[in-house]
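Report on the following structure.
A note on names: the letters A, B, ... follow the listed sequences, proteins ahead of strands, and every chain is numbered from 1. Please read these numbers as outputs of a predicted model, since none were measured by experiment.
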Amino acid sequence: MNRRDVVIIGGGPAGLAAAAALKKAGIHDILIVEREKQLGGILRQCIHDGFGLTRFGETLSGPEYSQRFINEVKDLQIESITNATVIDLSNDKVVTIDTTEGLLKIQARAVILTMGCRERTRGALAIPGTRPAGIYNAGVAQSYMNLYNKMVGKNIVIMGSGDIGLIMARRLTLEGAHVSAVFEILPYPSGLPRNIEQCLNDYNIPLYLSHSVIDIKGDPRIESVVAAQVDEKQKIIPGTEKEFPCDTLILSVGLIPENELSLSAGVSLDGRTKGAIVDENFQTDVPGIFAAGNVLHVHDLVDFVSLEAEKLAEGVSRYLKEGSLPEADIPVETGSNIGHVIPQKISGTRDIQMSLRVRRPVKKCRLVISQGSHTIKSIPMPKAIPAEMIQLQLKADSFISKEPVEVRIDE
Amino acid sequence: MEKLYDVAIIGGGVIGSAVARELSRYQLKICVLEKELDVCNGASGRNTGLLHSGILSGDHKLRTECCLEGNAEFDQVAEELDVPFRRSGKLIVGFGEEEKLCLEKLYEHGLQCKVPGIRMIGADEIKKIEPNADGETAIYVPSAGILCPYTYAIALAENAAQNGVHYHFDQEVTGIEKGADGNYKISTVKSHWTARWVINCAGLFAYRISSMLGFGTYIPQRVKGEYEILDKKAGKFLSIPIYPAPSENGDCDIHITPTVDGNVLVGPTLKEIGDEIDYSATQEKIDEMMIQGARLFPKHVKREYFIRNYTGIFPYVVDPVTMQRVDFQIQSDPHISHAVNLVGISTPGLTSALPIARRVVVKVLEQEDLLPNPAFNPIRKGIIRFADQTDEEKARLIGEDPDYGEIYCRCECVTKAEIKQAVHNILGVSTVSGIKYRTRATMGRCQGGYCETRLTSMIEQELHRDAKDILLNQNGAYMFVGKVK
């Protein structure tokens, strides 16, 4: 069996950034495994701009952004194989890869999970109605249009105001389709404010908040959807049903970290993020298996994916040099109005970066980090919205005991 | 195209394909006229995938007889046709005194019908057989099994095609006349066909063909059943189908069934829809499945495991005089020569398909002598599933064909090699769902998010199709309106 210091599963933004940072930290025996024919991950189909403002201080398209990392990986002479799919990962870090050259088995000292995420589907939501052609997940429609030169429809309705859905509203409009409505079940948008502005408002596409698609009609191709207003408990308000004719329904109803390989390796997941439970080194509960990027928790901006993966490289490099990492025996718990927090546990021996999202939008609040009765930090915030991830740094010496750390929003 | 056939079978479901396969044992020129673009798009592909034991067939003698016969022989059938199958057994569970009495009655009925090996068991033994099941009393039915219904129907059709049967799709029958030469002239929406024999295997629409041929008039009294498919993550916790105690008319409401591929089915809900065809899912029934499902399979029927829903329709018909559901009808009539009429073939049609087909052959032999087809081969091989192979076997396959080294569907671990074989299937089916049913690509939890773009490209390239002509599953189910620019 081949042996490698590090196998990186997934050559998207997280995998590429982790690889480059590891190499710079003096780790040389690295293999990136990518299932697509090229490196770059989902960014290959994200031809709109707006990437890189944080990481590079300029705005780039998805392919331009990923090309910077691909070039860096090449310049650093990091090995990668493409058109190669990992079909199994074992608890003792044996990676099984399906390739046209054969079935590869590699014993890794460390494995980095950077598989990204997938889209939630119509089936997962169990939307009632017929099952016609013309229902596409936003990312699938984006792939068809931007990578396969196939136009998916002409009269579009979008369910969910996730960022990909918003981007696709604009993309479809620019290609001559008519987008008649975007429905969001929550009373506030799921996507970033800038996308609401640039993708919907600039094109006069109506956004219906507190609305959901409750029925799909038409067969063999979709002909209309019925949408209705919902109350604060997301229950349909009778009498508000309205039919919207369309030939295409685009779904942008959430992303789910793709953790089937993590599960096969015995990695424990967090029910809130659907990603691995990690410590401040991004190590999962299987020693030597690390995770970063959208496979760990869904990010708002790719820049943060890259930065997180670069951060992860420090921990991996220490693990390889020292053989293990300090035990993370301090739980990090989510308090009021916190959707999730990364890391979920820490050792308290090192400075950490914390990433979190609020559950619902708030104005003029404080983000409070505490340990028992001791307040570590209390940060005033003019506003916080679920669409935007919040990150902060905490010094190792802020943690005064082994008591759980609580993160909460005080209003 | 030569359009004179010895036998025209109307309907390419599991029954039509079983009849085609059994008749291909003889020297006959046979065609199957199918209204859809693939086999088993009606009742045959939309059910629970259960190899029934016969205990639930009520007072219908032929239904029970065919079911028992089909059940007993299925290990061999599965072997011959390369159909994944597991004799899982089944639990019919009850809660409370009333359901217990109902089960005891059913048990007695099962004994009378000679359903092999059935036993009444209590809560302890239920837990022993399936720790994740719930119930106070149960009938344990060891002879029941699970199989994939469309894989079986496709296997029968492919075996028939291997043995010389022609499949013609998009051929909804609009009229049948008997010519002066004694041959049947069959008009379809697309064409005209001539055949000496007509066999009505039209499933949900068999009552119409029955009238066209001059056999009896039947009134459709269809029952709609909605299902939810659960993730394989739930499948790990269920080894055996769990049925609730049947209702007064013998129907079993929502049950929980492991599939042979590792998922779990919840359903069917039951709703009488008369002569309608309605495959839509409803919020009311989805909610009902959550509640009833959780009763039989606690903790594992949850929304995060939902992958997809589907709906089947039981093609029940009633006698116009008695208004009672009819038993399986396998009819011939001296006044309607060279025709066999099958109506009322509802559940357990899958289990009974070959026994029914053999009875059809007998009906044909009553009217004419047939010579055996010396080239007939009962063995059909399916597409090898890469996901099910050992690592050694996987390596060997990649060595033989590098296309096994490219995963197209990540959830179900389906390779390019399998997709390519499916695109070039012997029946000439070219829809996206046709590939799905032959490989399981798009059936996983991402529902084609990763692989559907690859499948459509493969159809485009391998079959030289324009993207605009690619269909999801039926005429009008176009996927693309053209190119982007």
Of the backbone (N, CA, C, O) and the side chain (C-beta and beyond), which part of A:N137 lies under 4.5 Å from a heavy atom of chain B, both, or neither? neither
Could you check whether any side-chain N or O of A:S212 sits under 3.5 Å from a backbone N or O of A:I214, counting only pairs where one atom can act as donor and the other as acceptor? no
If one checks every heavy atom of B:I286 against chain A at 4.5 Å, the contacting part turns out to be side chain
Under 3.5 Å, is there a donor-acceptor pair between the A:T82 and A:R35 side chains? no
Pairwise distance CD1(B:I435) to CD(B:E452) - rounded to 0.5 angstrom: 10.5 Å
Taking atom types as modelled and ignoring hydrogens, do the side chains of B:Q447 and A:R122 form a donor-acceptor contact shorter than 3.5 angstrom? no
Per-residue contact mode, B:C413 against chain A (heavy atom under 4.5 angstrom): side chain
Contact part of A:I236 toward chain B, heavy-atom cut-off under 4.5 Å: side chain, backbone, both or neither? neither
Test applied, ring pair (Phe, Tyr, Trp, His ring centres under 6.0 Å); reference residue, B:Y227; option that passes from B:Y310, B:Y279, B:F306: B:Y310
Report the option among A:D219, A:D215, A:I222, A:T96 that has the most heavy-atom pairs separated by less than 4.5 Å from atoms of chain B. A:D219
Can you find a side-chain donor-acceptor pair between A:Q38 and A:R44 that sits under 3.5 Å? yes
Between A:N149, A:L103, A:L263, A:I216, which has the largest tally of heavy atom pairs under 4.5 Å with chain B? A:N149
Portion of B:N475 that has a non-hydrogen atom of chain A nearer than 4.5 angstrom: backbone
Only residue of B:E34, B:E36, B:K190 satisfying side chain to side chain contact (heavy atoms under 4.5 Å, CB included) with B:Q171 is B:K190
Of A:G129, A:G102, A:A133, the largest count of non-hydrogen pairs under 4.5 angstrom with chain B goes to A:G129
Is chain B contacted by the side chain of A:I256, its backbone, both, or neither, given a heavy-atom distance below 4.5 Å? neither
For B:K468, is it the side chain, the backbone, both, or neither that has a heavy atom closer than 4.5 Å to a heavy atom of chain A? neither
Any side-chain donor paired with an acceptor under 3.5 Å for B:T311 and B:E226? no
Residue among A:N83, A:N146, A:V152, A:L147 with most heavy-atom pairs under 4.5 Å to chain B: A:N83
Regarding B:T415 and B:E418, do their side chains bring together a donor and an acceptor under 3.5 Å, going by distance alone? yes
Taking the six-membered ring for Trp, are the ring centroids of A:F244 and A:F183 within less than 6.0 Å of each other? yes
Turns out that what part of B:S457 lies under 4.5 Å from chain A's heavy atoms comes down to both
Non-hydrogen atoms of chain B under 4.5 Å away: do they reach the side chain of A:E260, the backbone, both or neither? side chain
Answer with yes or no whether the side chains of B:D38 and B:Q474 bring together a donor and an acceptor at under 3.5 Å. no
By a 4.5 Å heavy-atom criterion (distance strictly below it), what part of B:R396 contacts chain A: side chain, backbone, both, or neither? neither
Highest number of heavy-atom pairs under 4.5 Å with chain A among B:T282, B:T453, B:L397, B:I407 belongs to B:T453
Looking at B:P402, B:A281, B:A467, which one has more heavy-atom pairs under 4.5 Å with chain A than the rest? B:A281
Output the option from A:I87, A:T99, A:T85, A:V140 having the highest count of non-hydrogen pairs under 4.5 Å with chain B. A:T99
Where does B:E284 contact chain A at under 4.5 Å (heavy atoms): side chain, backbone, both or neither? neither
Relative to chain B, which segment of A:K217 carries a heavy atom at a distance below 4.5 Å: side chain, backbone, both, or neither? neither
Which of B:K271, B:K224, B:K285 passes salt bridge (Lys or Arg N to Asp or Glu O under 4.0 Å) with B:D278? Answer is B:K224
Does the pair B:D261 and B:T259 meet the rule for a side chain to side chain donor-acceptor pair (under 3.5 Å), with working shown? CA-CA 5 Å; B:D261 297 295; B:T259 73; 4.7 Å; no
Chain A interface, residue from B:T456, B:L471, B:N473 that has the most non-hydrogen pairs under 4.5 Å: B:T456
Per-residue contact mode, A:T130 against chain B (heavy atom under 4.5 angstrom): both
Between chain B and each of A:R131, A:E258, A:K154, count heavy-atom pairs under 4.5 Å; write down the option with the most. A:R131
